[in-house]
*Asks:* 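Quick one: structure below, then a few questions.
Quantities reported herein were computed from a predicted structural model and do not represent experimental measurements. Atoms considered below: every heavy atom in the structure, side chains included; atoms not considered: hydrogens, waters and symmetry mates.
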Amino acid sequence: MLDRQVVGEFLDGEFEGGDWEIPDDIPKDKLVETFCLYVEDDYYEWLKDNIKSFFDHGNPDWDWIRDRISHHDQH
């Protein structure tokens, strides 16, 4: 779940630097919530796709996973 306050601040920055404004009839909190739900829907689909590839569609290569863990531990 996304932090609504962080997303609101992110959108503020994007709107400040952009050429567009939130219309007066759209409350900012509703915009933030709707945008968060939109992103979360996409995020969960992305997670489902990535879990399939990371765990080789139910046949995990544990040696490859150990190598990935080791690689990230070195950084």
*Asks:* Quick one, Lys52 with Glu45, criterion salt bridge (charged side-chain N to carboxylate O under 4.0 Å, His left out). Give me CA distance, side-chain angles, the key distance, then yes/no.
*Replies:* CA-CA 11 Å; Lys52 291 174 190 174; Glu45 288 302 315; over 6 Å; no
*Asks:* Ignoring hydrogens and geometry, is there a side-chain-to-backbone donor-acceptor pair from Glu21 to Phe15 under 3.5 Å?
*Replies:*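 Between the backbone of Phe15 and the side chain of Glu21 there is no qualifying donor-acceptor contact (under 3.5 Å).
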*Asks:* Can you tell me if Ser53 uses its side chain to pair, donor with acceptor, with the backbone of Asn50 under 3.5 Å?
*Replies:*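 Checking the backbone N and O of Asn50 against the side chain of Ser53, a donor-acceptor pair under 3.5 Å is found.
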*Asks:* Within this structure, what is the CD1-CG distance for the pair Ile22 and Leu11, rounded to the nearest 0.5 Å?
*Replies:*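 Reported value, rounded in 0.5 Å steps: 7.0 Å.
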*Asks:* Please give the remaining members of the hydrophobic cluster of Tyr43, linking ILVMFWY side chains under 4.5 Å, ordered by chain and number.
*Replies:*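 Reading the cluster by chain and number, Tyr43 sits alongside Tyr44, Trp46, Leu47.
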*Asks:* For Ile51, look at atom CD1 and say whether over 12 heavy atoms of other residues, nucleotides or ligands are found less than 6.0 Å away.
*Replies:*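 Count not over threshold, so no.
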*Asks:* Enter the distance from Phe10:CZ to Gln5:CD here, rounded to the nearest 0.5 Å.
*Replies:*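 It comes to 15.5 Å.
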*Asks:* Could you tell me whether Trp64 and Phe55 have their ring centroids closer than 6.0 angstrom?
*Replies:*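 Centroid distance Trp64-Phe55: not below 6.0 Å, so no.
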*Asks:* Measure the spacing between CD of Gln74 and OG of Ser70 and express it to the nearest 0.5 Å.
*Replies:*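 One gets 4.5 Å once the value is rounded to the nearest 0.5 Å.
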*Asks:* Suppose the criterion is salt bridge (Lys or Arg N to Asp or Glu O under 4.0 Å): which pairs have a residue in residues 62-75, not counting sequence neighbours?
*Replies:*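 Every salt bridge (Lys or Arg N to Asp or Glu O under 4.0 Å) pair that includes a residue of residues 62-75, provided the two are not neighbours, is Asp63-Arg66.
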*Asks:* In this structure, would Leu37 and Leu2 fall into the same cluster of hydrophobic residues linked by side-chain contacts under 4.5 Å?
*Replies:*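 No, no single cluster joins them.
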*Asks:* Tell me the salt bridge (Lys or Arg N to Asp or Glu O under 4.0 Å) pairs involving residues 9-19, sequence neighbours left out?
*Replies:*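 Sorted result for residues 9-19: Asp12-Lys28.
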*Asks:* Taking all non-hydrogen atoms of both residues into account, name the closest pair between Pro60 and Ile65 and its distance.
*Replies:*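 Heavy atoms of Pro60 and Ile65 come nearest at CB-CD1, 4.2 Å.
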*Asks:* Are Glu33 and Lys30 within salt-bridge range, i.e. N to O under 4.0 Å?
*Replies:*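 Between Lys30 and Glu33 there is no salt bridge, as every charged N stays at least 4.0 Å from the carboxylate O atoms.
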